[in-house]
Amino acid sequence: MSTYFIQKKPFVVPTDDGKYIGEHFGKASTGQSDLSIAHMVAPPHWSEPFQTPEFDEYTFIISGQKQFEINGEQLTLRAGESIQIKAETRVRYSNPFDAPCTYISVCKSAFDFEKVNREAE
């Protein structure tokens, strides 16, 4: 039994908003529920509804910019910056800028559609 696993084929989550989500580790890709790691690309002028996840989410911006609305406060992160958003925090993610934003998202416990608690738009 090997003590490591190299992920060469992440699970690509189907989306209808142009966002790329390639989950390398997590419920959809490896079946693990304690943690998920995904490579994400948010296209220019992308946004999603507010949500209140039941898991912590860590985001590291590789290129571009990403906007966060957290409990009424608006923040913009740029390449090289990161943020931790704790579980049960109301947040909205967007990229209102003219360039794509590439980032890594880590969720603990793993991202789960049933625990993200997205609001209706």
task = Find out whether E81 and I83 are in side-chain contact, i.e. whether some heavy atom of one side chain is under 4.5 Å from a heavy atom of the other.
result = no

key: Closest contact, heavy atoms only, L35 versus K108   = CD1-CB, 4.3 Å

query = Does a side-chain N-to-carboxylate-O contact under 4.0 Å join R92 and E48?
reply = no

query = If Ile, Leu, Val, Met, Phe, Trp and Tyr residues are connected whenever their side-chain heavy atoms lie under 4.5 Å apart, and connections chain through other members, are Y93 and Y58 in the same group?
reply = no

request  = Determine, step by step, whether E57 and T89 satisfy the side chain to side chain contact (heavy atoms under 4.5 Å, CB included) criterion, reporting the C-alpha distance in whole Å, the side-chain angles of both residues, the deciding distance to 0.1 Å, and the verdict.
outcome  = CA-CA 10 Å; E57 185 164 3; T89 300; over 6 Å; no

request  = Answer yes if V116 and I85 sit in the same cluster of Ile, Leu, Val, Met, Phe, Trp and Tyr residues linked by side chain heavy atoms under 4.5 Å apart, and no otherwise.
outcome  = yes

key: Nearest heavy-atom neighbours spanning D56 and A87   = OD1-N, 2.7 Å

request  = Kindly indicate whether a cation-pi arrangement holds for K66 with Y103, taking the cut-offs as under 6.0 Å to the six-membered ring centre and within 45° of the axis.
outcome  = yes

ask   = At their closest point, which heavy atom of S105 faces which heavy atom of M40, and how far apart are they?
value = CB-CG, 4.1 Å

request  = Quick one: do H45 and F97 satisfy ring-ring contact (aromatic ring centres under 6.0 Å, His included)? Show the steps, please.
outcome  = CA-CA 6 Å; H45 309 287; F97 309 104; 8.6 Å; no

message = Same cluster or not: L75 versus W46, using hydrophobic residues (I, L, V, M, F, W, Y) connected whenever any side-chain heavy atoms lie under 4.5 Å apart?
response = yes

task = Check whether any side-chain N or O of D34 sits under 3.5 Å from a backbone N or O of S109 as a donor-acceptor pair, and report yes or no.
result = no

key: Neighbour count >12 (heavy atoms, 6.0 Å) for atom NZ, K115   = no

request  = Applying side-chain hydrogen bond (donor to acceptor under 3.5 Å, both in side chains) between N117 and each of E54, Q51, E88, report the one that passes.
outcome  = E54

ask   = So which heavy atom on P44 is nearest to which on D98, and how close?
value = CG-O, 3.6 Å

ask   = Do the side chains of F111 and I104 join up, straight or via other hydrophobic residues, at under 4.5 Å, putting them in one cluster?
value = no

message = Tell me if the aromatic rings of F11 and H24 count as close, with their centers under 6.0 Å from one another.
response = no

query = Any ion pair linking R90 and E119 (charged N to carboxylate O, less than 4.0 Å)?
reply = yes

note = Closest heavy-atom pair, P43 versus D17, reported as atoms and distance to 0.1 Å, is CG-O, 3.9 Å

inquiry  = Let me confirm one number: the OG1-CZ distance from T76 to F68, rounded to the nearest 0.5 Å.
reply    = 9.0 Å

query = Under a 4.0 Å N-O cut-off, is there an ion pair linking D112 with K27?
reply = yes

